[in-house]
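Please read the structure below before turning to the comments.
The model shown is predicted, which means the values in this text are computed figures rather than measured ones.
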Amino acid sequence: IDLGTTFSAVAALDDRGRPTTLPNRDGEMLTPSAVYLAPNGTAVVGQPALDIGLEQPDRVATLIKRRMGYPDFGHPVAGRTFRPETLSAVILKKLAQDAETHVGPVKQCVITVPAYFDDTRRKATMDAGRIAGLEVLDILDEPSAAALAYSLSDKGSAGFETTPHRTVLVYDLGGGTFDVTLVKLSKKKFQVLAIEGDVRLGGKDWDDRIIDHVAE
């Protein structure tokens, strides 16, 4: 599960061991990481939450990932205080339920996080999975996942015929977070050489700057 700041996605291995991204119940590969809390106590996740949020913004939580590791979400949602793990768990549960329509019951998962997430943020992510009723087998760095996918792809594995090792820069600029990782790849293993990132730099910040500029 890629639990993103603005969008989330789920992938699984098919019968041949190939990774396949699973669409949600609306047929979309990406699910907006947004939670709407209705007056009757139910929660809505994804694009419908964003749509309703245009009229009821105080009932919608977005950019939850930026608050992971903090004691609370930072501002009330539907008049209540929530921990980021609780809101993230609602998203994770929805993602798992959507995945079940394609692969059957989902009880275990691996969740990806930015490479520079500290232990507190990683534990909060694991707690979110537990609250969602999932057994989190591992927390995987997003750049490591990208490097693995590249090294196992036809394009990546072909290069090892001429050079046994190569150094690759993995650049991950998302909707809310940014990290860069330097990875040393070989045919059967990879080594992370260096990591840097910013938990508050992403597409949302570009959007905000443009909006502020136009408003002025």
Side-chain angles (χ1 to χ4, degrees), residues 1-10 22 24-26 28-100 106-114 116-142 174-179 197-205 207-208:
I1 298 176
D2 177 10
L3 181 62
T5 311
T6 50
F7 289 95
S8 296
V10 180
L22 305 177
N24 60 25
R25 293 184 184 180
D26 298 322
E28 301 291 339
M29 295 300 184
L30 297 176
T31 300
S33 303
V35 178
Y36 166 76
L37 300 179
N40 63 3
T42 60
V44 177
V45 175
Q47 189 59 47
L50 290 179
D51 294 341
I52 301 172
L54 295 174
E55 296 181 359
Q56 303 177 48
D58 61 316
R59 288 188 166 274
V60 177
T62 60
L63 306 178
I64 302 164
K65 187 173 179 176
R66 286 187 165 182
R67 296 292 301 178
M68 292 300 276
Y70 286 84
D72 59 60
F73 179 55
H75 61 81
V77 182
R80 297 171 58 192
T81 300
F82 289 92
R83 293 183 65 87
E85 299 95 310
T86 305
L87 296 171
S88 292
V90 177
I91 298 173
L92 288 169
K93 190 169 184 178
K94 151 78 170 169
L95 295 171
Q97 289 173 344
D98 286 358
E100 287 180 341
V106 174
K107 302 297 182 184
Q108 300 173 318
C109 68
V110 173
I111 304 176
T112 59
V113 297
Y116 56 87
F117 255 28
D118 58 19
D119 289 342
T120 301
R121 291 187 174 107
R122 290 169 189 267
K123 181 182 182 303
T125 304
M126 290 196 75
D127 288 344
R130 179 180 52 78
I131 295 168
L134 298 167
E135 179 187 354
V136 182
L137 299 175
D138 200 3
I139 297 293
L140 180 64
D141 291 347
E142 291 159 2
T177 60
F178 173 55
D179 58 70
D198 191 331
V199 74
R200 300 195 65 82
L201 180 64
K204 177 66 166 61
D205 300 287
D207 291 348
D208 290 346

Notebook entry, point to check: Should we count CG of Asp118 as having more than 12 external heavy atoms under 6.0 Å?
Noted result: yes
Checklist line | Whether over 12 other heavy atoms sit under 6.0 Å from Lys93 NZ | finding: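 Result for NZ/Lys93: open.
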Could you list the residues that satisfy side-chain hydrogen bond (donor to acceptor under 3.5 Å, both in side chains) with [X], not counting sequence neighbours?
{"X": "Arg130", "result": "none"}
{"X": "Thr112", "result": "Asp2"}
{"X": "Asp208", "result": "Lys204"}
{"X": "Asn40", "result": "Thr42"}

Checklist line | Short side-chain donor-acceptor distance under 3.5 Å, Thr31 and Ser8 | finding: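 No.
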Residues in salt bridge (charged side-chain N to carboxylate O under 4.0 Å, His left out) with [X], at least two apart?
{"X": "Arg200", "answer": "none"}
{"X": "Asp51", "answer": "none"}
{"X": "Asp26", "answer": "none"}

What donor-acceptor contacts under 3.5 angstrom involve side-chain atoms of residues 134-141, with partners at least two apart or in another chain?
{"residue": "Glu135", "atom": "OE1", "partner": "Gln108", "partner atom": "NE2", "Å": "2.9"}
{"residue": "Asp141", "atom": "OD1", "partner": "Arg122", "partner atom": "NH1", "Å": "2.9"}
{"residue": "Asp141", "atom": "OD1", "partner": "Arg122", "partner atom": "NH2", "Å": "2.8"}

Ignoring hydrogens and geometry, is there a side-chain-to-backbone donor-acceptor pair from [X] to [Y] under 3.5 Å?
{"X": "Glu100", "Y": "Val106", "result": "yes"}
{"X": "Lys65", "Y": "Leu3", "result": "yes"}
{"X": "Thr120", "Y": "Gly69", "result": "no"}
{"X": "Asp98", "Y": "Leu95", "result": "no"}

Note to self: Go through it in stages, so that I can follow the logic: the residues are Glu85 and Ile131, the test is side-chain contact (heavy atoms from CB on, under 4.5 Å), and I'd like the CA-CA distance, side-chain angles, deciding distance and then a yes or no.
What the structure shows: CA-CA 8 Å; Glu85 299 95 310; Ile131 295 168; 4.1 Å; yes
How far apart are the closest heavy atoms of [X] and [Y], and which atoms are they?
{"X": "Asn24", "Y": "Leu30", "answer": "ND2-O, 3.7 Å"}
{"X": "Tyr70", "Y": "Pro84", "answer": "O-CD, 3.6 Å"}
{"X": "Ala89", "Y": "Ala132", "answer": "O-CB, 3.5 Å"}
{"X": "Val77", "Y": "Phe82", "answer": "O-CE1, 3.5 Å"}

Nearest 0.5 Å, please: how far is [atom2] in [Y] from [atom1] in [X]?
{"X": "Leu92", "Y": "Ile1", "atom1": "CG", "atom2": "CD1", "result": "5.0 Å"}
{"X": "Thr177", "Y": "Met68", "atom1": "OG1", "atom2": "CE", "result": "12.0 Å"}
{"X": "Thr6", "Y": "Arg66", "atom1": "OG1", "atom2": "CZ", "result": "9.5 Å"}
{"X": "Lys123", "Y": "Phe117", "atom1": "NZ", "atom2": "CZ", "result": "14.5 Å"}
{"X": "Asp198", "Y": "Asp205", "atom1": "CG", "atom2": "CG", "result": "8.0 Å"}
{"X": "Ile111", "Y": "Thr125", "atom1": "CD1", "atom2": "OG1", "result": "6.5 Å"}

Next item on the list: Mind jotting down which residue pairs meet the ring-ring contact (aromatic ring centres under 6.0 Å, His included) criterion with at least one end in residues 37-58? Sequence neighbours excluded, please.
Entry: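 ring-ring contact (aromatic ring centres under 6.0 Å, His included) check on residues 37-58 returns no pairs.
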Notebook entry, point to check: Listed by chain and number, what are the ring pair (Phe, Tyr, Trp, His ring centres under 6.0 Å) partners of Phe178, not counting sequence neighbours?
Noted result: Tyr171
Side-chain donor-acceptor pairs under 3.5 Å in residues 54-61, sequence neighbours left out?
{"residue": "Gln56", "atom": "OE1", "partner": "Tyr36", "partner atom": "OH", "Å": "3.1"}
{"residue": "Arg59", "atom": "NH1", "partner": "Leu37", "partner atom": "O", "Å": "2.9"}

Next item on the list: Before giving the answer on side-chain contact (heavy atoms from CB on, under 4.5 Å), spell out for Leu50 and Thr62 the whole-Å C-alpha distance, their side-chain angles and the decisive distance to 0.1 Å.
Entry: CA-CA 9 Å; Leu50 290 179; Thr62 60; 3.9 Å; yes
Item checked: All pairs passing side chain to side chain donor-acceptor pair (under 3.5 Å) where residues 72-81 contributes a residue, at least two apart -> none
